[in-house]
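Every number for a ligand or one of its atoms is a count from 1 in the order of the listing. Values below: every heavy atom of this structure, side chains too, minus hydrogens, waters and symmetry copies. Please read these numbers as outputs of a predicted model, since none were measured by experiment. When a residue number appears, it is its place in the shown sequence, counting from 1.
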Amino acid sequence: MKILLFGGAGYIGTHVALAFQERGDTVGIYDNFSSGLRENLLEGSIVYEGDILDRTRLQEVLAQKWDAVVHLAAFKAAGESMTRPEKYAQNNITGSLNLITECVAAGVKNFVLSSSAAVYGEPVYLPIDEQHPTNPENYYGYTKLAIERHLQWFDTLKGLKFAALRYFNAAGYDPEGKMTGLEHSPANLIPVVMEAAVGKREALKIFGDDYDTEDGTGVRDYVHVTDLADAHVRAVDYLVKNQKSLTVNLGSESGLSVLEILEASRKISGQKIPAEFTGRRPGDPAKLVATSKMANSLLGWYPKYSSLDSIIASTWNVYHRHFPGH
Ligand code: UDP
């Protein structure tokens with residue numbers, strides 16, 4: 001098949017590209033390289049430099065007939081979305097609407113959206129299933145929910161079939177070491193911990209020690225990016241076969257606190273990793289843990305690499321390679 005990945009040069013996108021390419025699909029990468037990792041681009045993929053805000057460029061590339069589109073082009077820092085909502089509105093919402101409408105115009109039938117657990121907000125019960133109320137606590141989560149709703153309308157009105165994949169916390173690197181590019185200025189916990197481990201930043205700032213969790217720090221469901229990538233391949237196959245839209249959680253079904261991540265990182269890296277407590281970050285729920293039963297049954301998806309050790313070790317391998325003194 002011919003698969004076009006928007007945001008295909010990003011941290012998750014390059015892992016998704018690898019999964020499609022490894023099973024023999026033709027992969028197109030459309031990216032504006034604002035945070036894309038050129039060193040992670042695979043030989044054989046077709047690269048289109050472009051922005052999802054540029055409708056002419058979208059039309060040009062979509063005209064080349066794709067069996068499915070995967071949309072991962074978004075800003076993803078929940079904290080930043082609370083202070084710079086305009087940036088998130090423009091790129092995540094306006095850009096996605098451009099993309100969806102141009103896909104329909106070009107006759108694309110299958111659309112996979114990189115969505116997020118952030119659509120749920122503060123849980124009213126755990127683990128979170130897909131029926132859980134959606135009440136985002138940060139603007140980033142709202143942008144993802146808005147795109148999901150637009151997709152539902154475009155399914156009803158235009159027959160565009162979509163898979164909304166609600167990732168919990170994406171983490172880890174290709175276990176075989178094929179991806180070597182590091183994210184620039186990361187804001188997510190694990191890369192921040194790694195940067196503190198290699199001395200690229202002074203210390204990890206732990207956002208809050210008074211959450212209603214076992215050790216007082218935020219709890220998240222970390223899922224390996226290689227497992228997420230596999231789910232995209234399965235989602236495309238599902239859409240092609242069933243011509244039916246779906247919305248599923250993708251999580252490991254286990255919750256880990258900031259302190260547990262820090263401890264495991266210290267152990268695996270052998271580094272001290274300085275850390276200090278600071279106040280809570282606005283928009284952060286205390287605890288998010290998924291049930292992925294729907295992805296199990298509809299996609300046959302089960303995470304294989306999402307243990308804490310496998311996530312931290314695969315990430316440390318890449319950071320260690322860039323900063324060999326550590
Ligand atoms: N976190 C932290 N320090 C950081 C980054 C994140 O303490 O520098 C915490 C954050 O409050 C949350 C967890 O780590 O409890 C995961 O945050 P991340 O930004 O990675 O993902 P999110 O769940 O916000 O999408």
Side-chain angles (χ1 to χ4, degrees), residues 10-12 35 72 74-85 88 92 114-123 126-128 132 134-145 165-173 182-198 200-225 228 249-266 273-290 306 308 311-312 315 319:
Y11 161 63
I12 299 177
S35 60
L72 312 110
F75 293 122
K76 61 164 184 173
E80 185 193 42
S81 77
M82 299 295 279
T83 53
R84 300 184 65 193
Y88 284 70
N92 292 16
S114 150
S115 187
S116 168
V119 299
Y120 295 115
E122 191 66 49
L126 288 167
I128 298 172
H132 187 285
T134 46
N135 196 10
E137 196 153 322
N138 53 61
Y139 187 69
Y140 162 74
Y142 172 73
T143 67
K144 291 290 177 179
L145 186 59
L165 305 181
R166 292 178 174 167
Y167 313 155
F168 280 62
N169 288 59
Y173 273 78
L182 296 178
E183 286 185 278
H184 311 295
S185 318
N188 288 118
L189 177 64
I190 295 178
V192 168
V193 168
M194 294 293 148
E195 288 197 353
V198 298
K200 201 165 175 237
R201 65 174 79 203
E202 242 168 59
L204 164 70
K205 290 189 167 51
I206 302 173
F207 299 145
D209 61 356
D210 57 352
Y211 282 106
D212 185 15
T213 59
E214 237 160 74
D215 62 22
T217 65
V219 168
R220 294 289 183 275
D221 178 329
Y222 295 88
V223 54
H224 198 290
V225 67
L228 289 182
N249 286 343
L250 297 175
S252 69
E253 306 190 321
S254 63
L256 294 167
S257 73
V258 175
L259 290 180
E260 285 174 306
I261 295 286
L262 179 60
E263 272 324 302
S265 304
R266 283 177 170 153
I273 316 188
E276 64 199 31
F277 287 103
T278 61
R280 292 183 181 195
R281 182 173 66 179
D284 272 1
K287 186 169 181 176
L288 293 174
V289 181
S306 294
L308 175 58
I311 284 175
I312 302 296
T315 311
Y319 277 83

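In this pair, Y11 and Y173 present their aromatic rings tilted. The plane angle is within the 30 to 60° band.
By the ring pair (Phe, Tyr, Trp, His ring centres under 6.0 Å) test, Y167 pairs with H232, sequence neighbours left out.
Within 6.0 Å of the CD atom in E122, the count of heavy atoms belonging to other residues, nucleotides or ligands exceeds 12. The neighbour count for Y142 OH, taken as heavy atoms of other residues, nucleotides or ligands under 6.0 Å away, does not exceed 12.
Closer than 4.0 angstrom to ligand 1 by heavy atom are N169, A187, N188, L189, V192, L204, K205, I206, F207, G218, R220, Y222, V258, R281, D284, sorted by chain and number.
Judged by distance alone, the side chains of Y88 and N138 never bring a donor and an acceptor atom under 3.5 Å apart.
The side chain to side chain contact (heavy atoms under 4.5 Å, CB included) test with L288 singles out one residue from V219, I128, D221, and that residue is I128.
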